[in-house]
Chemist: 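Could you have a look at this structure, given as structure tokens, before my questions?
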Number of protein chains: 2
Amino acid sequence: MPAPAILIVEDEPEIRRFLRASLAAEGYRVVEAAGGERGVIDAASHKPDMAIIDLGLPDLDGVEVIRRIRAWSPMPIVVLSARVQERAKIDALDAGADDYITKPFGVGELLARVRVALRHLARSAQGCAVLTLGGVRLDLTKRHASRGQDQIHLTPIEFKLLGCLARHLGLVVTHQHLLTEVWGPTHSSDTHYLRVYMRQLREKLEADPVRPKHLLTEIGVGYRLLADED
Amino acid sequence: MPAPAILIVEDEPEIRRFLRASLAAEGYRVVEAAGGERGVIDAASHKPDMAIIDLGLPDLDGVEVIRRIRAWSPMPIVVLSARVQERAKIDALDAGADDYITKPFGVGELLARVRVALRHLARSAQGCAVLTLGGVRLDLTKRHASRGQDQIHLTPIEFKLLGCLARHLGLVVTHQHLLTEVWGPTHSSDTHYLRVYMRQLREKLEADPVRPKHLLTEIGVGYRLLADED
DNA sequence: CCCTTTTTTTACGCCGTCTTAACGGCGGCG
DNA sequence: CGCCGCCGTTAAGACGGCGTAAAAAAAGGG
């Protein structure tokens, strides 16, 4: 799973840029659509992992956009809207939206609700979290790794590390981020833990542990996980 | 499926009655808990389909309630709160809540968000009742196990454990999940129970109990049940 | 009330995992 | 050239989780 792709359907350029910047800063890939018609098309063509949709669109009602996407896709949909009336919220949610945020909103809350949406996605699409590294098949949800028939045993910490890297596939994950995620904030500077475990993971996953092709070092910053291309 | 059961965790009796009435009017079954501790216990004992939790509880922080439930159950959790600060929302959502509604709220919106939560739930239900492990045939609904002609006797707790593992066939089930499901949330750290019963189950089900092929240990995490392939 | 089955409790030894420390290579920089 | 920071590599010891057995307590059934 590469970095999740999020579709933004929003007509006001200013808010669109703001959303794009906020999401991109978190490492998400972003697709933008300025109108409702465009949004439905982009949802179909780009196949994003989820969508953030403004209700107040000029060309096509937001609820209609939701219906058209829901007709063929169960992707998480978060609605943004200036309308605070209860009727609007109910209509949008019953049309198939998964969340409804009223403007003005905080970036932190938006990002938190995006994380919730992606969490739902991850659980409904079990097995979508399998990726291949060289000859190695890796299924994070099933906690299962194998090279052909032989299965590879990974310890709890090894799984946590791989999971953290896989959630930001292709992106650099800092030492501190990995350490706080796995060992807690108290060990956020014990980088030697990482050196030991990265070595072990390479031994188990890489064809040539000395010249890793998937578990890469970013000197002075952190590590990065690269999967095979299709 | 019968009418969905919803757990309400709310300390103020007035709001609690109001929620109960609103939900009951829609045909939902309702379970009430006046405090956080009580809420965690009722979540485990009544096994509701989802929970509505107030953050401002006197005895236990709402976020802590969420964490304890999330430790073993993926049930949808909707948070109600008077706190409008963004920090509170982010903390609750990241702790595992699926939605966050600020007071005062409209009944219509609450019900709409409940429908969203139940919609999510509906998409993650599965379970085949009869499965085979090696030479052993296992029927969870009939509570019946047999190896060829000889039938194998299993005790109530052994069935509960197997059922819990079978519902997540192929996936890891954590110690905590198994313990809260079978013994309740008060014994969520008595992992020695599991060791004893897994041993017994292996003795009864596995061809070679010392080298189990179906009832597998995930060290430091939990256990996993593997059925035969077709 | 007694016997059987089931559950809970306790104890112990083994083995995998984590932690910790030490050493060597590589590259940058003064 | 020598120092220093960062990383990889290895190995050994500490620690905790796990399996195993068996006895004590509780529950169930006649």
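Throughout, protein chains are lettered first and strands after them, A, B, ... in sequence-line order, and every chain is numbered starting at 1.
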Chemist: Once you round it to whole Å, what is the distance between C1' of D/dT20 and CE of B/Met198?
Modeler: 15 Å
Chemist: Pick base, sugar-phosphate or nothing for B/Val196, based on heavy-atom distances below 4.0 Å to the nucleic acid.
Modeler: base
Chemist: Whole-Å distance between D/dA11 C1' and A/Glu203 CD?
Modeler: 14 Å
Chemist: Is the shortest side-chain N to carboxylate O distance from B/Asp61 to B/Arg83 below 4.0 Å?
Modeler: yes
Chemist: Is any side-chain heavy atom of A/Glu10 less than 4.5 Å from a side-chain heavy atom of A/Ile52?
Modeler: no
Chemist: Starting at atom CG of B/Leu161, determine the distance to atom P of C/dT6, rounded to an integer number of angstrom.
Modeler: 15 Å
Chemist: If only side-chain N and O atoms of B/Tyr193 are considered, is one of them under 4.0 Å from the OP1 or OP2 phosphate oxygen of C/dT9?
Modeler: yes
Chemist: Hey, are B/Arg87 and A/Glu109 close enough for a salt bridge, meaning a charged N less than 4.0 Å from a carboxylate O?
Modeler: no
Chemist: What's the CG-C1' distance between A/Leu216 and D/dC6, to the nearest Å?
Modeler: 17 Å
Chemist: Describe, in one word, how the ring planes of B/Tyr223 and B/His175 are oriented to each other, choosing from parallel (under 30°), tilted (30 to 60°) and perpendicular (over 60°).
Modeler: perpendicular
Chemist: Within the structure, does a side-chain N or O atom of A/Thr155 lie under 4.0 Å from either OP1 or OP2 of C/dC18?
Modeler: yes
Chemist: Given that B/Glu158 and B/His192 both sit by DNA chain C, which one's nearest nucleotide is further toward the 5' end?
Modeler: B/Glu158
Chemist: Any idea which of D/dT10, C/dT8, D/dC7 is nearest the A/Arg199 side chain?
Modeler: D/dT10
Chemist: Under 6.0 Å from the CD atom of A/Glu26, do we count more than 12 heavy atoms belonging to anything else shown?
Modeler: yes
Chemist: Report yes if a donor N or O on one partner sits less than 3.5 Å from an acceptor N or O on the other, where the partners are the side chain of B/Arg195 and the base of D/dG19; otherwise report no.
Modeler: yes
Chemist: Can you tell me if the side-chain N/O atoms of B/Trp183 get under 4.0 Å from OP1 or OP2 in C/dT8?
Modeler: yes
Chemist: May I have the distance from B/Glu218 (atom CD) to C/dG16 (atom P), rounded to whole angstrom?
Modeler: 15 Å
Chemist: How is B/His187 classified with respect to the nucleic acid when contacts are heavy atoms under 4.0 Å: base, sugar-phosphate, or nothing?
Modeler: nothing
Chemist: Under 4.0 Å between any heavy atoms, over every strand shown, what does A/Thr217 touch: base, sugar-phosphate, or nothing? Just pick one.
Modeler: sugar-phosphate
Chemist: Within this structure, what is the CG-to-C1' distance between A/Leu179 and C/dC18, rounded to whole angstrom?
Modeler: 15 Å
Chemist: Does OP1 or OP2 of C/dC18 have a side-chain N or O of A/Tyr197 closer than 4.0 Å?
Modeler: yes
Chemist: Please tell me if B/His175 has a side-chain N or O lying less than 4.0 Å from either OP1 or OP2 of D/dG17.
Modeler: no
Chemist: Taking only side-chain nitrogens and oxygens of B/His153, does any of them come within less than 4.0 Å of OP1 or OP2 of C/dT6?
Modeler: yes
Chemist: For A/Ile219 and D/dG8, what is the distance between atoms CD1 and P respectively, to the nearest whole Å?
Modeler: 8 Å
Chemist: Can you tell me how far P of C/dT9 sits from CG of B/Leu194, to the nearest Å?
Modeler: 14 Å
Chemist: At under 4.0 Å, does any side-chain N or O of B/Tyr223 touch on OP1 or OP2 of D/dG19?
Modeler: yes
Chemist: Between A/His177 and A/His168, how do the two ring planes meet: parallel, tilted or perpendicular, split at 30° and 60°?
Modeler: perpendicular
